[in-house]
Amino acid sequence: MRALSFIAVLFLAACGFTPMYATQNNSSVKSSLDQVEIAVIPDRSGQYLRNELIDRFYRNGYPYSPRYKLTVKPITEKISNFDVTLESEATRQQVKLKTRMILVNMETNESVLTRSLTAVTSNNILESEFSTLITEQSARDAALNDLARQIERQLSLYFSR
């Protein structure tokens, strides 16, 4: 069993696998993220998402001469009620956000990465309308945070190749 484990480790090391956030690649990925200009995203959800991306990307301040431009299309939102009681009242709702990201190399003005992104969260529908609005907004914020994480991961994978 030990010999089999040892051979598996040797094969893994020989395949060229390197962790994306390893110390040797970590600085290059972070410096590449620092060179991405984030275009304005329309609507309130877009503003929230852009602020999340700015917090994740710009560790050393706004880039003076960015090499890439990230465009995120307007976010579409769909809210679906489910978990219906015998009285035909919904007790949960699902918030689904969809968007599309495009990374453009500003030197060549060529699109180098395009991805469709989806984030889904849910929340309880409570008796108090105010409480329901607060839980819905919290679910929306969680979905936007997930979209920001997905964008950061997609760009990190692109820059670490």
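The structure presented is a predicted model; accordingly, all values stated were derived computationally and were not measured.
- Under the 4.5 Å side-chain heavy-atom criterion for grouping Ile, Leu, Val, Met, Phe, Trp and Tyr, M101 is not connected to M106 through any hydrophobic cluster.
- Of the possible polar contacts, none joining the S116 side chain to the R100 backbone as a donor-acceptor pair under 3.5 Å is found.
- Note on V36: it clusters hydrophobically with V112, by side-chain heavy-atom contacts below 4.5 Å among ILVMFWY residues.
- With values rounded to the nearest 0.5 angstrom, N105 atom CG is found 12.0 Å from L113 atom CG.
- Linking Ile, Leu, Val, Met, Phe, Trp and Tyr residues whenever their side-chain heavy atoms come within less than 4.5 Å leaves V104 and L157 in two separate clusters.
- The heavy-atom pair separating A143 from A119 by the smallest distance is O-CB, 3.4 Å.
- For the atom pair T76 OG1 and D43 CG, the distance stands at 10.5 Å (nearest 0.5 Å).
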Apply the test side chain to side chain contact (heavy atoms under 4.5 Å, CB included) to residues Q154 and L103: give CA-CA distance (whole Å), side-chain angles for both, the deciding distance (0.1 Å), then the verdict. CA-CA 10 Å; Q154 291 295 326; L103 183 67; over 6 Å; no
Is there a side-chain hydrogen bond (donor to acceptor under 3.5 Å, both in side chains) between N51 and Q47? Walk through the geometry before answering. CA-CA 6 Å; N51 288 338; Q47 291 173 352; over 6 Å; no
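- Note that CG of L53 and CG of L70 are 6.5 Å apart. Values are rounded to the nearest 0.5 Å.
- Listed for the T135 side chain is a donor-acceptor partner under 3.5 Å among the backbone atoms of S131.
- To the nearest 0.5 Å, atom OG1 of residue T99 and atom CZ of residue R115 are 14.0 Å apart.
- Between Q35 and S65, the closest heavy-atom pair is OE1-O, 3.1 Å.
- Grouping the Ile, Leu, Val, Met, Phe, Trp and Tyr side chains by contacts below 4.5 angstrom, directly or via other members, places V72 with Y58.
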Quick one, F57 with Y68, criterion ring-ring contact (aromatic ring centres under 6.0 Å, His included). Give me CA distance, side-chain angles, the key distance, then yes/no. CA-CA 12 Å; F57 289 8; Y68 298 93; over 10 Å; no
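- By the rule that hydrophobic residues join a cluster once side-chain heavy atoms approach within less than 4.5 Å of another member, I54 and I151 end up as members of one cluster.
- Taken from CD in Q94 to CG in N81, the straight-line distance is 10.5 Å, to the nearest 0.5 Å.
- With sequence neighbours left out, the ring pair (Phe, Tyr, Trp, His ring centres under 6.0 Å) criterion links Y158 to no other residue.
- A 4.5 Å side-chain heavy-atom check between T91 and N124 finds every atom pair outside the cut-off.
- Between L126 atom CG and T132 atom OG1 the span is 4.5 Å, to the nearest 0.5 Å.
- A pairwise comparison of heavy atoms in S111 and I102 identifies OG-CG2, 3.5 Å as the closest pair.
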Kindly indicate, with the supporting measurements, whether the criterion side chain to side chain contact (heavy atoms under 4.5 Å, CB included) is fulfilled by Q150 and T118. CA-CA 9 Å; Q150 289 179 44; T118 303; 5.8 Å; no
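- Considering every non-hydrogen atom in both L49 and A148, the closest pair reads CD1-N, 3.6 Å.
- Annotation: salt bridge (Lys or Arg N to Asp or Glu O under 4.0 Å) contacts of R44 (sequence neighbours excluded): none.
- Between S45 and L144, some side-chain heavy-atom pair lies under the 4.5 Å cut-off.
- With contacts defined as side-chain heavy-atom distances shorter than 4.5 Å, the pair I75/Y48 does not qualify.
- Inter-residue side-chain proximity for Q137 and L133 is flagged as unmet; no heavy-atom pair is nearer than 4.5 Å.
- In terms of heavy atoms, R56 sits closest to R149 at NH1-CA, 3.8 Å.
- Shown here are the salt bridge (Lys or Arg N to Asp or Glu O under 4.0 Å) partners of R140, two or more places apart in sequence or in another chain: E77, E136.
- When every heavy atom of T121 is checked against every heavy atom of A139, the shortest pair comes out as OG1-O, 2.9 Å.
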